[in-house]
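First the proteins, then the strands, lettered A, B, ... as listed; each starts at 1.
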Amino acid sequence: MLDKFAIARLLRELGTLLELEGENPFKVRAYENGARAVEALADLSARVEAGSLTEVSGIGEALAKKIAELHRTGRLELLERLRAKHPPGILELLRVPDLGPKKIAALHAALGIGTIAELEAACRDGRVRAVKGFGEKTEEKILEGLGRMRARAAERRVLLADALATGEALLAHLREDPAALAVALAGSARRGKETVGDLDVVAASRDPGALSAQLVAYPLVARTIARGETKTTVELASGLQVDLRVVPPEDFPTSLHHLTGSKAHQVKLRGIARDSGFTLSEWGLHRLPPDPVGAQDAPPDPAAKVPIASEAELYAALGLQPVPPELREDTGELEAARAGELPLDLVRIEDVRGMVHCHTTWSDGRASVEEMARAAEALGMEYLTVTDHSPTASYAGGLDEDRIRRQWDEIARVQEKVKVRLLRGTESDILEDGALDFPDRILERLDVVVASVHSRMKMDEDAMTRRLVRCMSLPVFKIWGHALGRLLLDRPSFACRVEEVLDALAASRGAVEVNGDPRRLELEPRWLRAATARGIPVVLSVDAHSVQNLRYLENAVTVARRGWVRRGQVLNTRPAEAFRKAVRPVP
DNA sequence: GCCGTTTTCGGCCCGACTGTTTTCAGTCG
């Protein structure tokens with residue numbers, strides 16, 4: 001049986017194939033909307049059973065039938081027919097920059113092109129320029145796009161932390177130009193997405209040309225891809241693409257909002273604007289004329305412009321609560337904002353009182369217990385958990401029973417010297433059979449047990465699910481560390497039935513970790529929402545192996561906010577003693 | 001394909017940039 005994410009993926013594929021068929025673009029969008037709606041469902045199976053899918057906004061009769069069929073059988077006749085009709089390579093072609101469904105269809109009809117290799121050969125032979133609507137430049141552009149695509153496949157996306165660092169340096173360069181009145185990072189980096197494909201920058205200026213020139217002159221710019229009146233696109237030496245939009249200061253808030261996205265959030269918001277008698281674009285919010293007949297294509301009347309001084313004002317003008325950037329993914333935030341049900345107390349970094357999940361030189365950390373303690377104290381923390389690795393993690397210098405007892409002595413000595421409260425803990429391996437690798441007589445004397453999978457990650461879904469469920473049923477199980485073991489850009493999450501595991505975690509009254517290591521950043525937002533919906537509390541952790549790593553707390557906060565996690569749901573926003581009581585292995 | 005205090009048809013977000021066009025189509029975000 002397919003889960004909701006698999007079904008959403010197939011609906012998207014179907015939408016793409018219909019797009020290639022030249023179908024009505026609004027129909028294509030309906031499939032995308034339907035896919036999103038399915039992903040957001042908490043009770044897909046129940047709704048399929050009850051036949052109540054059509055009650056969900058975005059799912060009508062036709063999609064409900066298809067979803068039910070996919071859910072029941074895992075197959076869909078229309079999808080299989082379209083897959084058979086289009087060469088398998090054709091979906092690949094859609095990933096070539098500047099090549100969309102229309103051009104692909106034209107190339108397929110005229111030259112029989114159905115794969116990347118055939119496309120490249122046709123461009124090199126000069127056959128493409130002979131097709132109506134294509135020319136020499138397009139041919140060059142496609143070849144260039146193919147090169148870029150390969151470079152991108154090698155570089156792939158970048159980690160959020162790297163994107164933010166690159167972005168901040170670039171912003172500093174742009175701010176050096178006196179023509180820059182305001183400069184901000186927008187796009188997925190501002191929304192805090194785990195990985196970032198390109199940087200979006202918005203600037204306020206009376207002289208857009210000057211800022212465009214300032215961007216092009218940035219030493220790390222490898223080449224200019226597009227340069228217009230208000231919009232400039234460049235590629236950095238790293239392969240990262242940067243889009244700069246320059247607008248007059250009065251349009252900065254709406255432009256920042258526009259460029260922050262996400263696209264799905266924008267589209268829905270503009271629909272809401274239209275329903276309320278406005279039209280919304282990056283150039284601002286305009287009142288629609290009372291009788292729109294014949295006025296659709298007319299540019300907005302400048303007199304109809306609603307002054308907008310901030311993003312919050314924009315939402316307010318549309319009768320909505322302000323939506324924080326991290327939530328703008330069209331996963332229910334606009335519906336909540338309209339109903340006044342958006343959480344106003346999303347966790348913030350200043351709410352956090354304790355550094356959780358810290359390694360020291362006792363295992364594979366680079367700083368001593370005392371150095372970590374003093375650094376946490378300097379950051380204003382009330383407590384820090386020392387959670388070095390356990391015996392099985394020999395590759396990471398895991399502690400055995402004898403060494404962890406000696407570590408407790410050192411923790412006690414350091415505690416004499418520092419104000420920050422030190423909590424004794426471990427990051428214990430979850431073994432293949434779901435057991436932990438310290439005996440209970442050790443675990444019961446600890447304040448904090450983070451339990452994580454570090455080995456045998458290629459087990460099949462059944463075995464991994466059983467392993468985790470079994471571990472969570474242990475009385476000493478308290479915190480699920482870096483849940484699914486992924487390493488961004490490197491290693492996917494291991495296979496398991498996450499919702500089943502979360503059910504077990506809820507039953508055991510355990511907590512889930514949000515790991516701030518920039519390569520981990522899990523549990524990811526969609527599962528975080530599934531966790532808090534089950535009443536599972538959250539721990540924001542740094543997984544720090546050095547003093548510098550304590551800054552990872554910021555990453556954990558971002559991920560938690562993207563998962564709609566509220567202050568009260570985070571255990572380490574509580575004072576030390578309350579935190580200890582909530583997570584200690586014995587009641 | 002979805003949706004409805006303009007409801008069963010006719011709408012559906014909006015604009016910038018590029019290239020092949022001589023007024024616009026395609027792509028992108």
Side-chain angles (χ1 to χ4, degrees), chain A residues 11 14-15 18-19 22-37 53-67 78 94-107 128-129 131-142 144-145 186-188 197-202 208 212 224-233 241-247 251 254-255 257-286 288 290-293 296-300 318 330:
Chain A
L11 290 179
L14 194 49
L18 289 170
E19 199 177 5
E23 259 293 0
N24 174 358
F26 296 107
K27 185 194 271 196
V28 172
R29 211 176 86 190
Y31 276 84
E32 169 63 27
N33 288 339
R36 307 185 71 81
L53 275 170
T54 52
E55 289 169 17
V56 180
S57 173
I59 301 177
E61 294 292 335
L63 277 177
K65 250 182 86 181
K66 292 186 173 75
I67 292 164
L78 174 63
L94 273 171
R95 296 188 20 236
V96 180
D98 304 313
L99 213 52
K102 295 277 163 50
K103 284 185 181 169
I104 290 171
L107 290 172
V128 166
R129 69 184 69 174
V131 181
K132 188 173 156 53
F134 292 75
E136 216 170 316
K137 283 238 174 131
T138 307
E139 216 171 60
E140 280 169 27
K141 225 178 153 175
I142 291 173
E144 203 185 297
S188 54
D198 58 19
L199 289 179
D200 295 290
V201 180
V202 53
S212 172
T224 304
I225 294 171
R227 198 168 172 183
E229 290 277 300
T230 65
K231 216 178 124 175
T232 307
T233 302
Q241 191 171 305
V242 179
D243 292 328
L244 170 69
R245 175 66 66 94
V246 188
V247 298
D251 291 326
T254 46
S255 192
H257 184 271
H258 167 76
L259 239 65
T260 297
S262 68
K263 181 167 176 173
H265 178 89
Q266 279 316 336
V267 168
K268 189 166 277 183
L269 189 63
R270 287 172 181 189
I272 291 171
R274 193 154 270 273
D275 292 344
S276 322
F278 297 96
T279 176
L280 174 65
S281 80
E282 62 264 53
W283 302 111
L285 187 69
H286 292 78
L288 286 172
D291 176 22
V293 177
Q296 266 94 341
D297 297 329
L318 296 172
D330 188 24

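Side-chain nitrogen and oxygen atoms of R29(A) include none within less than 4.0 Å of the OP1 or OP2 phosphate oxygen of dC12(B). Phosphate contact (OP1/OP2 of dC13(B), side-chain N/O of S281(A), threshold under 4.0 Å): absent. Under 4.0 angstrom from either OP1 or OP2 of dC14(B) there lies at least one side-chain N or O belonging to T279(A). Taking 4.0 angstrom as the limit, K27(A) places a side-chain polar atom (N or O) nearer than this to OP1 or OP2 of dG1(B). Between K132(A) and the phosphate of dT20(B), there is no side-chain N or O to OP1/OP2 separation shorter than 4.0 Å. Note on R274(A): a side-chain N or O is less than 4.0 Å away from OP1 or OP2 of dC14(B).
Between dG4(B) and dC13(B), the two P atoms lie 14 Å apart (nearest whole Å). To the nearest whole angstrom, the two P atoms, one in dT8(B) and one in dC3(B), are 16 Å apart. Using P as the reference atom, dC28(B) and dT23(B) are 25 Å apart when rounded to the nearest Å. Here, dT7(B) and dG11(B) have their P atoms 13 Å apart, quoted to the whole Å. When the C1' atom is used for both dT21(B) and dG26(B), the distance is 12 Å, rounded to whole Å. dT27(B) and dT20(B): their P atoms are spaced 13 Å apart (whole Å). dC14(B) and dC9(B): their C1' atoms are spaced 24 Å apart (whole Å).
Evaluation of atom-type donor-acceptor distances gives no pair under 3.5 Å for the side chain of D200(A) against the base of dG29(B). For dG19(B), its base never sits under 3.5 Å from the side chain of K137(A) at any donor and acceptor pair.
To the nearest 0.5 Å, the span separating CG on L269(A) from CG on L280(A) amounts to 5.5 Å. The NZ atom of K141(A) lies 9.5 Å from the CD1 atom of I225(A); values are rounded to the nearest 0.5 Å. For the atom pair CG (L18(A)) and CG (N24(A)), the distance works out to 10.5 Å, reported to the nearest 0.5 Å. Annotation: the span from T279(A) atom OG1 to R274(A) atom CZ amounts to 5.0 Å, rounded to 0.5 Å.
Here dC12(B) presents its P atom at 6 Å from CZ of F26(A), a figure rounded to the nearest Å. Going from atom CG of D275(A) over to atom P of dT5(B) covers 9 Å, rounded to whole Å.
Between K65(A) and E61(A) there is no salt bridge, since no side-chain nitrogen of the basic residue lies less than 4.0 Å from a carboxylate oxygen of the acidic one.
Put simply, the side chain of K66(A) reaches to within 4.5 Å of the side chain of Y31(A), judged on heavy atoms.
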Using atom names, set out every protein N or O paired with an N or O of nucleotides 2-4 of chain B below 3.5 Å, distance rounded to 0.1 Å.
from   : atom 1 : to     : atom 2 : distance (Å)
dC2(B) : OP1    : G60(A) : N      : 2.6
dC2(B) : OP1    : G60(A) : O      : 3.3
dC2(B) : OP1    : L63(A) : N      : 3.1
dC3(B) : OP1    : G58(A) : N      : 2.4

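Applying the Watson-Crick and G-U wobble criteria (two distances, each under 3.5 Å), dT27(B) pairs with dA16(B).
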